[in-house]
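The structure appears right after this line, and notes come after that.
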Amino acid sequence: MTIKPLFDKVVLKAVETEETTQSGIVLPGTAKEKPQMAEVVAVGPGGVVDGKDVVMQVKEGQKVIYSKYAGNDVKLDDTEYVIIRQSDILAVVE
Amino acid sequence: MTIKPLFDKVVLKAVETEETTQSGIVLPGTAKEKPQMAEVVAVGPGGVVDGKDVVMQVKEGQKVIYSKYAGNDVKLDDTEYVIIRQSDILAVVE
Amino acid sequence: MTIKPLFDKVVLKAVETEETTQSGIVLPGTAKEKPQMAEVVAVGPGGVVDGKDVVMQVKEGQKVIYSKYAGNDVKLDDTEYVIIRQSDILAVVE
Amino acid sequence: MTIKPLFDKVVLKAVETEETTQSGIVLPGTAKEKPQMAEVVAVGPGGVVDGKDVVMQVKEGQKVIYSKYAGNDVKLDDTEYVIIRQSDILAVVE
Amino acid sequence: MTIKPLFDKVVLKAVETEETTQSGIVLPGTAKEKPQMAEVVAVGPGGVVDGKDVVMQVKEGQKVIYSKYAGNDVKLDDTEYVIIRQSDILAVVE
Amino acid sequence: MTIKPLFDKVVLKAVETEETTQSGIVLPGTAKEKPQMAEVVAVGPGGVVDGKDVVMQVKEGQKVIYSKYAGNDVKLDDTEYVIIRQSDILAVVE
Amino acid sequence: MTIKPLFDKVVLKAVETEETTQSGIVLPGTAKEKPQMAEVVAVGPGGVVDGKDVVMQVKEGQKVIYSKYAGNDVKLDDTEYVIIRQSDILAVVE
C-alpha cells in the first residue's frame, strides 16, 4: 500500500534510532505542542490550498522537526505514519 | 436513495475488511483527531466554496484516509456514510 | 404565515416518516454535529453574504442532509422548522 | 427618545402576542441559539462594515426571526429592545 | 489630563442620571454582553485599522448605546471612562 | 542594554507616580482586560505586519493607556517593561 | 546536526548567563505568555507564508525577546532550542 498525500499534506515516519532517544526531543510541558523528528516519506502536490498557492519545500528522505499536535497518526501495514500539513513542519535537520 | 454531496463535500463509506482491522488505524489519544480509511462513494461538484475556487481531486472508488473529527456520520438505507469536506481528506491510499 | 429566509439562509422541515426512523440517522457521539434529513421549504435569495457572492444550489421540495448543530429551530403555526445557512447543508438525497 | 442604529445594526422590539405564545418558538436545548420573532423598529444605514459593503435588506415594521444569542438587550423608556446585526436576522415572516 | 483615543477608539463617559436609572438598561443574563448608555467624550481619528479603512461616525456629545463587554474601563482624575472600538457602539440615542 | 522592538511592537514602562495611584486605573472585574497607563520608551519600525501596512502613531515619551491583557512583561537591567502591539494601545494621555 | 528552519521560522538558543538570571525575565502570572531572551541561531528563508510575503528581519547572533508561549522546544545533540515564528519575536536586545 502507498499513501499519496493530497494538497499540502506530507507523510512522515518517526525516526526511532537510539541517537534520537539520547539527544532526542524535550517535552517539558504537557499542555504544549510536542515537536518531533521524523523522516519525510511522501509529499503532496501542493497547489491552491484554501485559496492560497502552496509550493512544497520538503522532499522525500529529509529529516524534519514538526509540531506533532497538528498531525494525524495513521498505522498502515504495521507501520506508523504521521500525516501533517507542510506548514506544521518547523525545520529540516541535516 | 442516492446522496449527492454539495459544494466541496465528499461521501465516504467505511472500509471494514479484516486487513483494515489488523493493520488498521492507531488512535493513541482520545482528544485527538481520529484518522480513518474509507472508500469514496460520491464527490461534490466543487466550485466556489466560501469565496474560494475548489477543484475536486478525489474520485469515486478511491480509498482515502481522512480526519474523522471533522466529518458527519449518516445512516441511509442501513448503510453508514461519512460526509466530509475534501480538505479534511488527508491522503489517497493505493 | 410564510417564512422568507434572508441571504444564504434555507428553511427546512424535518422529514419524519417511518422509513426515516428505521434507516435513519446515526448519532454515535454526543459532542458531535448531528446530521439530519429534512425537506427544503424556502430558499433565500443568495447574493453577497459576508463579502462573498453566494449562489443558491438547493430548491424547494428537495430532501437534504444537514449538520443540525449549526441550525436554528423555529416553531411557527404549530410546525417546526430549521433555518440554516446553505453552507451547512451537506448533501441532497434523491 | 429615539434609537438610531449604526452601521449594519437593526433595532428589534419583541412581538408578544398571544398567537406568538401559542405557536411560538421552540427552544429544545439550552446551549443553543434561541431564535425569536420580533418587529423591526429601526434600521442602520449599512455601508462599509468591517471592510465589506453591507446593503440593508430589512425594513421598519417587518416581522423577523432572529438568532437571539447574538443580540444585545436594551431597555429604553420602559420598552425593551434588541439591537442586532442584520446578518443575525434569519428570515422575514409575512 | 486629556485622553486622545487612537485609531477607531472612542472614549465614553457613563450617563448616570436618574432617568437612566429608571428607564435604564436591562441585563437579564450574566454571561451576555451588557449594553449601556454613555456620552461620547473623545473620538479617534479613524483611518486604516487592521488593513481596513474606518470612517468615524460618532461625535463628541452624542449619547450612545454600546456593548460594554468589549470596552476597557479607565479612571483618570477621578472620572471613569470606557474606551471602546467604534464598531462596538450599537446605536446613537437622541 | 537597549530593547529595539520589531514590526508594530511598542515598549512601554509603567508610570508609577503617586498621582497615578490616586487617580489611577479602575479594574472592576477580574476576567476583563486591565488597562493601564505607561510611558512609551521604544517604538518599532512598523511596515508590513501580517500582510497589512502599519504606520506607527505613537512616539517615545508619550503617556498611553493600553490593554495590558495583550502585552508581555519583561524585566531587563532591573527595569520592568511591557512589549505590546501598537493596536493594543487605546489612547494617548496628555 | 544542523537545524534549517522553514518559511518564517527562527531557531533560538536560550541565553543562560548569570546576568540573565539576575536582571532576567519577570513571569508575574502563570496564565500569561512568558517572554524570554534568547540568541538567534538560524533564520528561515521567509517568502510567502500563509499567502503573505514575509521578509526576515532578525539575524544569527542577535539576542531577542520572544513570547515563549508560541514556540516549540526541541533538544538536539544535548542542546535545547526553541523554534518560533518570526512574528512571535517581540524585540531585539543590544
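Just so you know, these numbers come straight off a predicted model, no measurement behind them. Lettering of chains follows the sequences in order, A, B, ..., and the numbering in each one begins at 1.
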Worksheet, complete the sentence: Okay, G:Glu94 and chain F: the region with an atom under 4.5 Å from a heavy atom over there is both
Worksheet item: Which answer fits G:Val49, side chain, backbone, both or neither, if we ask what part of it has an atom under 4.5 Å from a heavy atom of chain F?
Response: neither
Worksheet entry | Under 4.5 Å from any heavy atom of chain G - which part of F:Ile3 | both
Worksheet item: So which heavy atom on G:Ala91 is nearest to which on F:Pro5, and how close?
Response: CB-CA, 3.7 Å
Worksheet entry | Flag if over 12 foreign heavy atoms under 6.0 Å of NZ, G:Lys52 | yes
Discussion item. As an exercise, state the distance from NZ of F:Lys4 to CD of G:Gln62, rounded to the nearest 0.5 Å.
Written reply: 9.5 Å
Discussion item. To the nearest 0.5 Å, what is the distance between CD on G:Gln57 and CZ on F:Phe7?
Written reply: 5.0 Å
Worksheet item: Which of these passes side chain to side chain contact (heavy atoms under 4.5 Å, CB included) with F:Leu6: G:Val64, G:Ile65, G:Val92?
Response: G:Val92
Fill in: Rounded distance [0.5 Å steps], CD1 in G:Ile89 versus NZ in F:Lys9
9.5 Å
Fill in: G:Val93 and F:Leu76: CA distance, side-chain angles, deciding distance, side-chain contact (heavy atoms from CB on, under 4.5 Å) verdict
CA-CA 10 Å; G:Val93 180; F:Leu76 202 69; 4.1 Å; yes
